[in-house]
Each structure stands twice: as C-alpha cells, then as structure tokens.
Asker: 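Provided herewith is a single structure, encoded as structure tokens, for subsequent inquiry.
Since the structure is predicted, the reported quantities are computational estimates derived from the model, not experimental observations. Computation of the quantities below employed the complete heavy-atom set of this structure, encompassing side-chain atoms and omitting hydrogens, waters and symmetry-equivalent molecules. By convention in this document, chain letters (A, B, ...) are assigned in the order of the sequence lines, proteins followed by strands, and residues within each chain are numbered from 1.
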Number of protein chains: 2
Amino acid sequence: MAQAHALQVLVEALRRLPGVGVKSASRMAFHLLQHDRAGARQLAQALQHACDSVHHCRLCHTFTEHEVCETCQDASRDRSKLCVVETPADQSALERTQAFRGLYFVLMGKLSPLDGIGPQDIGLDRLLDRAGDGVVQEVILATNFTAEGEATAHVLSERLKARGLKVTRLARGVPAGSELEYVDLGTIAHALHDRR
Amino acid sequence: MAQAHALQVLVEALRRLPGVGVKSASRMAFHLLQHDRAGARQLAQALQHACDSVHHCRLCHTFTEHEVCETCQDASRDRSKLCVVETPADQSALERTQAFRGLYFVLMGKLSPLDGIGPQDIGLDRLLDRAGDGVVQEVILATNFTAEGEATAHVLSERLKARGLKVTRLARGVPAGSELEYVDLGTIAHALHDRR
C-alpha cells in the first residue's frame, strides 16, 4: 500500500517506544489519527515539554524539573540514611510502603557488562560523593534481586565500604502472605540463612 | 513519590495510546527521558506533522496527505471493482497478496451498535455515493470475519444491492496449509456449504 508519508514517519517514531513493534505502532497511529487527534497533539506537547524541562536532581539523580527534587528538599526527612534504587519506579514502590523516611539515590540503571553499562554509566562517582557528604551514616542498597541488581549491589557495597560507610541490603526472605510449599527453594534457603 | 510534573503529564499522555496502561506508560517515559531524548523529540514532531498533514482521501477515505490518495490516482487500476475494507491495515494485507488490481473504500471502522457506532460513523452514505458513480460494477466486501465485520458486511450488502449493484463477499473456507483435523468446525461447515 502506498501509505501517506507522514503516517510512515509516525509509525517509525512510535516503534522507538520500548515494547512496541510494527503492528502495535500501526495500530497506535491509526487510533490517534482516526479517533484521538487531540490526544496525539497532547502527547506531542508532553514529549516536547518533558524533554525541555526534565533533568536530573543534583543530589539524588532522579528526574525533576528543579535543581534539587522535592524529596531531597523535604526538611522532615532523615538525612543520615541513603537508599540506593535502580529507577524512579523502584523509589516509588519504597515510598508507598511509608516505611522509610530517609533520602534516596537513583542509579537510573544497573550494571550490565553485556550491554556495555559499567560503573560510570550508573553514576558510581556521584554516589560516592553523595554518600561521603559526612551526614549520611548508612547506605541501604535496594537494587533489584535479579542477577544484574545483585551484581550492582555487590560492586556498590565494596566501593562504599572502602570509604568507611555502613552499608546494608534489603532483607531477602519469604514474601508476606505466601505458603512455604509454593515459595521457590532459593528464597527459602536465603530465609533460613538469614533467620532471626 | 513527588514525581516531576512534566513527567506525570507525559505518562498520562502516553496512557492514551491503545493498549498502554500506567506501568507501560511509566516505562516508556523513563526510557525516552533516560536513553532516547532524540527519539522523544522525533516522536513529538511526527505526531504534530501527521496531525497537521494527514486527512482522508476524497474517494476511498483512507489516510493520505493529498486530496486523492496514490492508489485512487493510479491509472493502471481496474476502476470497475471496489473492495470495501475496515482499516488501512486490512487494505495493506490485500495489496500484499497482489491478487487485486481494483480500487478500495476504507470504512475506517466497523458497525458496533454497543459502542454507538452506526452506519453514518463508517461513512455509509459516502460509500453509496462512491459505488454509485456509474463506473463501479462490483463491490467486494472484505470486512473482517468477526461478528461485527459480518454484521457490517450484511448491512452494506443490503444497501448496495438496493441500488442495483453487484455485491460479493470474500470466500470463507479452509485456510491454505491447514490440516482439517485442526480447523475449527464452523470453518469446515462453511467450506462444505460453499464447495465448488
């Protein structure tokens, strides 16, 4: 089909979104042009505006429109505890627990040598500077419990301990509400080892 | 988490894409801002450009940047046959077969009373005008073989026949390459009924 050129360009642009193939991209383009042009224009503006105004917080490296994000500015927070997470979504999950009142450092990624992502790409130096400000007493590593998240925690832990900081890791164990019969063996083994 | 406002707006805008929930939208926003700002700006431009320049072909109603689309302009096509499809994607599938050299009419939807989509919303009057131009001899209904597609074909067929046009429907039957044992019974029943 000789498709309108602007439509082809739009489909190509939509394909750059993660998890969107050529069929989904075509479906999205069709939906926007046929049923929701207002939504399309709104998305265009939101993209432009976010690209122009969102950058990284000087302290915790998360996305913000200010020099320092609202969480880091919050005077009621315990500045002696610094929790290291991979992404803003992870930070958001921790915040929703309402169990942590310290500050965060967001890596915006994880170590992944196979993808060429090394310590500099996740801001190791920035983290060392941040954690070494003299106020932070404890660094809590809350990277994911995947192979890459564990490797990241290991490397960060080594480097932070070398600076004399107290480093802890989120506890591994049996998830709340689960029956032992259905919990994977590695998790049970960890829970046994870390029993208290 | 006190998320950057521009980021929240972007996530909301991405959620308007079909099949995108809040988790996917957050992941897309994170990916674009962290790893592909050039892609984000490109997408914004493509959306804007498509909204400004893409409209409907005066003859077949598909998306085009011209008054009449390239397919309708193609002088080598058989103007006596008009194939009615639901979407440009369906038209594209038919084109790829290289088995049809007539023209198309793209409904840009299907009858769906439950969603409030009636004959006017799929351009029935425009189709009747188009098919009644005195050149079209045969209208081939190639709407999908779903409940809604079949209902659409039925309604269009009635109205087109009332104007004295020859109306045909794509054949139903056993798909190429399939074994009878694994073909659903409704399809086999249709294939028996329409045997030739």
Asker: Measure the CD-CD distance between Q48(B) and Q48(A) for me, rounded to the nearest 0.5 Å.
Answerer: 8.5 Å

Asker: Given the rule in the side-chain contact (heavy atoms from CB on, under 4.5 Å) test, do L43(B) and L17(A) qualify, once you have shown the distances and angles that lead to the verdict?
Answerer: CA-CA 9 Å; L43(B) 178 54; L17(A) 293 171; 4.2 Å; yes

Asker: Tell me whether R41(B) is salt-bridged to D52(A), with the criterion being a basic N under 4.0 Å from an acidic carboxylate O.
Answerer: yes

Asker: Testing the basics here: between A6(A) and H49(B), what is the closest heavy-atom pair and its distance to 0.1 Å?
Answerer: CB-CD2, 3.5 Å

Asker: Mark yes or no for whether E65(B), through its side chain, and H5(A), through its backbone, hold a donor-acceptor pair below 3.5 Å.
Answerer: yes

Asker: Could you tell me which of C51(B), G39(B), G19(B), G109(B) has the largest number of non-hydrogen atom pairs under 4.5 Å with chain A?
Answerer: C51(B)

Asker: Tell me whether L124(A) shares a hydrophobic cluster with V167(A), the cluster being built from Ile, Leu, Val, Met, Phe, Trp, Tyr side chains joined at under 4.5 Å.
Answerer: yes

Asker: Start with the C-alpha gap between H56(B) and Q34(A), add the side-chain angles, then the distance that decides, and say whether side-chain contact (heavy atoms from CB on, under 4.5 Å) holds.
Answerer: CA-CA 10 Å; H56(B) 295 288; Q34(A) 183 66 11; 3.1 Å; yes

Asker: Just wondering, more than 12 heavy atoms not from R37(B) lying within 6.0 Å of its CZ?
Answerer: yes

Asker: What option among V54(A), L32(A), L94(A), V20(A) has the most heavy-atom pairs under 4.5 Å with chain B?
Answerer: V54(A)

Asker: Around atom NE2 of H35(A), are there more than 12 heavy atoms from other residues, nucleotides or ligands closer than 6.0 Å?
Answerer: yes

Asker: Count the heavy atoms belonging to other residues, nucleotides or ligands that lie under 6.0 Å from CG of L192(B), then report whether that count exceeds 12.
Answerer: yes

Asker: Quick check on the hydrophobic clustering: are V85(A) and I140(A) connected, directly or via other members, by side-chain heavy-atom contacts under 4.5 Å?
Answerer: yes

Asker: Are L107(A) and L165(A) in one and the same hydrophobic cluster, where Ile, Leu, Val, Met, Phe, Trp and Tyr link if side-chain heavy atoms are under 4.5 Å apart?
Answerer: yes

Asker: Would you check if L7(A) and T64(B) make a side-chain contact, meaning some heavy-atom pair closer than 4.5 Å?
Answerer: no

Asker: Name the option with the most non-hydrogen atom pairs under 4.5 Å to chain A; the candidates are A93(B), A13(B), P18(B).
Answerer: P18(B)

Asker: Would the number of heavy atoms belonging to other residues, nucleotides or ligands and lying under 6.0 Å from CZ of R159(A) be above 12?
Answerer: no

Asker: Evaluate whether atom CD of Q120(B) has more than 12 neighbouring non-hydrogen atoms of other residues, nucleotides or ligands under 6.0 angstrom away.
Answerer: yes

Asker: Side chain, backbone, both or neither: which part of L10(A) has an atom under 4.5 Å from a heavy atom of chain B?
Answerer: both

Asker: Compare every heavy atom of Q42(B) with every heavy atom of R16(A), then report the nearest pair and how far apart it is.
Answerer: NH1-OE1, 2.9 Å

Asker: Could you tell me the separation between the CE atom of M28(A) and the CG atom of L47(B), rounded to the nearest 0.5 Å?
Answerer: 11.0 Å

Asker: Answer with side chain, backbone, both or neither: which region of H66(B) has an atom nearer than 4.5 Å to a non-hydrogen atom of chain A?
Answerer: neither

Asker: In this structure, would L82(A) and L59(A) fall into the same cluster of hydrophobic residues linked by side-chain contacts under 4.5 Å?
Answerer: no

Asker: Answer with side chain, backbone, both or neither: which region of L33(B) has an atom nearer than 4.5 Å to a non-hydrogen atom of chain A?
Answerer: both

Asker: Go through the structure and list residues passing salt bridge (charged side-chain N to carboxylate O under 4.0 Å, His left out) with E86(A), not counting sequence neighbours.
Answerer: none

